[in-house]
Structures are given as C-alpha cells and as structure tokens.
Amino acid sequence: MRMEFITWFFSITTTLTILSSITIPVHSQCLEDQKSLLLQLKNSLRFDPDSSVKLVNWAGTNDCCQWNGVTCDHFGRVIGLDLNTESISGDKGTATLSVLNLQNNNLTGNIMGTFPKGCTLRTLELNGNNFEGEVPNSLANCANAEVLNLGTNNINGNFPCFLANLSELRILVLRSNKFHGNIGCRGIHNYLWPKLQIIDLALNNFSGILPPNFFSQRKAMMDGGCTLRTLELNGNNFEGEVPKSLANCANAEVLNLVTNNINGNFPCFLTNLSELRILVLRSNKFHGNIGCRGIHNYLWPKLQIIDLALNNFSGILPPNFISQRKAMMDGGNRQPNANHLRFDFSQNIYYEDSVAVINKGLLFGFGPILVHRRSRGGDKT
C-alpha cells in the first residue's frame with residue numbers, strides 16, 4: 001500500500017535537507033539525492049503528458065535545478081516547487097520547501113494533517129483544486145509562511161484563528177470554499193497577522209458583524225500608513241455596518257463588499273483612502289444619500305470603478321460626484337492594464353486582483369485572482 005504522499009515527502013525531504021546541508025556542489029548543480037526525490041515525486045503523480053510542460057520534461061540526465069518549475073538554492077538544494085496547471089490528479093504532494101505551488105490541478109481529498117515542526121514553507125498555493133475537509137491545525141507549524149492561497153476548493157470549517165502565529169503572513173486567500181461562522185478571533189489580544197496586506201474571504205458562508213478591532217489590529221496597515229491593499233469579503237452573509245476602523249487603512253486600493261447584508265450610510269468616513277481604485281458595495285442594505293458634506297477635495301481621486309447597485313440609496317446624485325472622479329475622466333492614475341490591479345510584494349511574488357460590476361443591468365467580471373511566483377528558469381506561472 002502506498003503511504004499518504006505528503007507524509008512520505010516530508011519525511012524524505014527532512015532527511016535530505018540534513019544530508020545536503022554539509023555538501024557544497026560545484027556550479028550550484030542539483031544534488032543527486034534531490035534529483036532522485038523529484039523523480040520519485042514525478043513517478044508518484046498522475047498527470048497528462050500531452051498537456052504537461054513541466055513534469056513531462058523532468059529527466060534523470062539533466063541538472064534538476066534547470067527543470068521547469070524547480071527552484072534551487074546556491075547549494076543545489078531544491079527549495080521551490082511550482083507545478084501550477086500541470087493537470088495532476090490522484091495523490092497530492094508537498095514538501096518542506098520555501099515554495100509549493102500546486103494550483104489549478106485536479107487534486108482531491110483532505111489537505112494532509114501533518115506539516116512538521118520547523119516547516120519552512122513561505123508560499124503554499126493549493127487553489128483551484130478539489131480539496132475538502134478543514135485546514136489542518138499543523139499548518140501553524142509553518143511560522144514563516146507569507147502566502148497562503150486555498151481558494152476555489154471545497155474546504156470547510158471556521159475562520160482559521162489557530163494560524164494567528166503566522167506573523168509573516170502577507171496574503172490570505174480563502175475565497176470560493178465552504179468556510180462558515182464569524183471572523184472574530186476570541187482570546188487573541190496581540191496583533192493577528194501584523195503584516196497582512198491581502199485579505200480575500202469571498203464566496204464563503206462567513207457571517208456576523210465585521211469585528212470593529214479587525215482592522216485596528218492590522219499593525220502593518222498602520223505603521224507609516226496603512227499597507228492594506230485589497231479587502232475582498234463579497235458573497236458572504238456579513239451584517240451590521242462597515243467598521244469605522246477601516247479608515248485606518250489609508251492605502252487600501254480595493255474594497256469589495258458585494259452580496260452581504262451590510263447596512264448603514266454611504267461610507268464617507270473612508271474619505272482618507274486616497275489610493276482607493278475599486279469600491280463595490282452592490283447587493284447590500286446601505287441606505288441614505290451618497291453625498292459627503294464638508295469634503296472639498298477629490299473624494300477618492302484614483303477611483304476607477306464604483307458599483308452601488310441593489311441597495312436602498314436615495315436622494316439626488318450630487319452634481320460634483322462624477323466630476324470628482326478624476327481617474328475615470330483623464331486616465332492619469334490608471335494602471336497599464338485596466339482590467340486588473342497588480343500588487344508587487346517582492347521580486348518573486350505578485351498578486352492580481354479582479355472584480356465583478358454591474359453596468360446597465362448586466363454583470364461583468366474582470367480577470368482572475370492569482371498569486372504568482374517565478375521559478376529558476378524564468379518561466380512565469
């Protein structure tokens with residue numbers, strides 16, 4: 001019987017890391033034990049060789065550090081593995097690596113429950129598969145994780161407050177799953193993910209009010225100005241009002257609250273969000289007029305998309321509301337690609353945002369949500 005692949009891969013790579021740490025190869029070529037492990041990985045997975053562009057080209061005669069999808073350090077030790085869109089099915093694989101990208105495959109079953117102590121993963125991308133069950137508690141062992149993308153699966157359970165120790169987390173994507181309950185984390189008095197910049201909880205069954213302290217806790221969003229860039233909460237069952245503490249996040253560019261039960265007046269208190277480009281409040285219970293008294297400068301001068309459809313807003317359209325939309329009129333603040341926003345985090349990580357809006361009664365969607373990384377060979381995946 002073949003053992004659970006994740007357990008096998010973790011145990012093997014832990015041993016190899018110890019052995020290879022005392023070996024310094026010439027010209028940073030792949031270590032033989034690392035090559036052997038990768039070939040075992042290839043042989044353990046089911047994939048379509050006709051559509052594969054990575055696994056199909058892994059061969060024992062070549063330097064594995066040059067294989068498409070593989071990243072090595074200067075010792076020739078494998079530290080990154082990107083099998084994005086390889087049409088993998090059957091067993092699921094992972095490793096004690098810095099990067100693991102298995103997005104957009106056909107992987108099924110539960111996410112393996114054993115991420116070992118000392119887990120070195122910084123990026124975990126399992127989005128676009130058919131995983132189910134709950135997020136394993138052992139993922140908390142990956143204390144240096146920066147990117148966690150579990151979007152578009154069938155994962156359930158409550159908001160993962162048990163990952164509060166992931167102090168380096170910058171991107172959290174849980175969209176299009178079956179998560180439920182509120183997103184408040186009781187008993188956590190320190191900052192929850194102090195460096196978090198991208199929060200995407202869209203298309204789940206989260207409910208309850210948006211915790212007033214959820215944004216005031218975002219230390220990275222407040223030191224030297226808020227660093228929050230995207231807040232995607234659309235397609236849930238949130239209620240209550242938009243918390244005033246969101247005004248702390250002055251650098252936010254995307255605010256998407258579509259299809260909830262959020263009420264209250266038009267959020268004029270967010271006027272200091274001068275970088276805001278997308279504001280979507282569609283299908284909620286907002287009410288009142290949309291004029292903001294006492295605001296003489298541009299209200300969100302970089303705003304490119306605003307969708308207030310299917311609410312209870314009333315009154316006249318303020319004469320200066322459209323004239324203030326500077327970015328819509330002169331294009332001076334638009335990014336080169338108008339259908340998405342791209343956020344660069346480092347040399348190897350960036351995030352592209354998407355949005356759906358109603359235009360003349362028709363619903364339009366723009367672009368996917370993606371987290372990308374480049375492998376050694378320079379291929380963009």
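Worth saying up front: this structure is predicted, and the values here are computed from it rather than measured.
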(Q) Test side chain to side chain contact (heavy atoms under 4.5 Å, CB included) on Ile171 and Ile199; report intermediate values, then the result. (A) CA-CA 6 Å; Ile171 300 176; Ile199 309 171; over 6 Å; no

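- With hydrogens and angles left out, the side-chain atoms of Asn127 and Gln103 include a donor and acceptor closer than 3.5 Å.
- Under a 3.5 Å cut-off, the side chain of Asn260 and the backbone N or O of Asn284 do not form any donor-acceptor pair.
- When side chains are defined from C-beta on, Asn130 counts as touching Asn154, because their heavy atoms get closer than 4.5 Å.
- The shortest non-hydrogen separation linking Trp67 to Leu38 is CZ3-CB, 3.7 Å.
- Although no hydrogens or angles enter the test, the distance criterion places a donor-acceptor pair under 3.5 Å between the side chain of Asp48 and the main chain of Asp50.
- Going from atom CD of Gln197 over to atom CG of Leu169 covers 10.0 Å, rounded to the nearest 0.5 Å.
- Follow the hydrophobic side-chain contacts under 4.5 Å out from Phe159 and you reach Leu148 in the same cluster.
- Taking both residues in full, the closest heavy atoms of Arg282 and Asp307 are given as NH1-OD2, 2.7 Å, listed atom of the first, atom of the second, then distance.
- At a threshold of 4.5 Å between side-chain heavy atoms, the hydrophobic network of Ile, Leu, Val, Met, Phe, Trp and Tyr places Leu203 and Phe131 in two separate groups.
- At least one side-chain heavy atom of Leu150 sits under 4.5 Å from a side-chain heavy atom of Val135.
- Residues satisfying the side-chain hydrogen bond (donor to acceptor under 3.5 Å, both in side chains) test with Thr259, not counting sequence neighbours, are none.
- With a 4.5 Å cut-off on side-chain heavy atoms, Leu270 and Pro267 count as touching.
- Between Leu281 and Val258, the closest side-chain pair of non-hydrogen atoms is not below 4.5 Å.
- Asp82 contributes no side-chain N or O that, together with a main-chain N or O of Gly69, makes up a donor-acceptor pair within less than 3.5 Å.
- Rounding to the nearest 0.5 Å gives a distance of 9.5 Å between CD of Gln34 and OG of Ser36.
- With hydrogens and angles ignored, the 3.5 Å screen pairs a side-chain donor or acceptor of Asn153 with a backbone N or O of Gly151.
- Between Leu166 and Ala145, the shortest heavy-atom distance links the atoms CD1-CB, 4.4 Å.
- Judged purely by atom type and a 3.5 angstrom limit, Asn149 has no side-chain atom pairing as donor or acceptor with the backbone of Leu126.
- Although no hydrogens or angles enter the test, the distance criterion places a donor-acceptor pair under 3.5 Å between the side chain of Asn236 and the main chain of Leu201.
- Annotation for Asn265 and Phe286: closest pair O-CD2, 3.7 Å, computed over non-hydrogen atoms.
- Across every non-hydrogen atom of Val56 and Ser52, the tightest pair is N-OG, 3.1 Å.
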Q) Stepwise, does the side chain to side chain contact (heavy atoms under 4.5 Å, CB included) test hold for Thr123 with Leu100? A) CA-CA 6 Å; Thr123 294; Leu100 179 61; over 6 Å; no

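- Taking 4.0 Å as the cut-off between side-chain N and carboxylate O, Glu253 and Arg277 count as a salt-bridged pair.
- Here the side chain of Lys302 pairs no donor or acceptor atom with the backbone of Glu275 at under 3.5 angstrom.
- Put simply, CD1 on Ile155 and CG on Asn110 are 9.5 Å apart, with the number rounded to the nearest 0.5 Å.
- Under a 3.5 Å cut-off, the side chain of Asn251 and the backbone N or O of Arg229 do not form any donor-acceptor pair.
- Between Cys72 and Cys30, the gamma sulfurs sit at a distance of 2.5 angstrom or greater.
- Between the side chain of Asn57 and the backbone N or O of Lys54 there is no donor-acceptor pair closer than 3.5 Å.
- Remark: Asn289 engages no residue in a side-chain contact (heavy atoms from CB on, under 4.5 Å) (not counting sequence neighbours).
- Within the model, atoms SG of Cys249 and CG of Leu255 stand 10.0 Å from one another, a figure rounded to the nearest 0.5 Å.
- Of all the heavy atoms in Trp193 and Leu163, the pair that sits closest is NE1-O, 2.7 Å.
- The pair Lys35-Asp63 does not meet the salt-bridge criterion, since no charged nitrogen lies less than 4.0 angstrom from a carboxylate oxygen.
- Atom CH2 of Trp58 and atom NZ of Lys42 lie 8.5 Å apart (nearest 0.5 Å).
- In this structure a side-chain-to-backbone donor-acceptor pair under 3.5 Å is missing from Asn311 to His287.
- Residues Pro211 and Ile183 are in side-chain contact: their nearest non-hydrogen atoms beyond the backbone lie under 4.5 Å apart.
- Evaluated for a side chain to side chain contact (heavy atoms under 4.5 Å, CB included) with Leu231, the options Val254, Asn256, Ile198, Leu246 yield exactly one hit, Leu246.
- For the side-chain contact (heavy atoms from CB on, under 4.5 Å) test, residues two or more places apart in sequence or in another chain that qualify with Val53 are Glu86.
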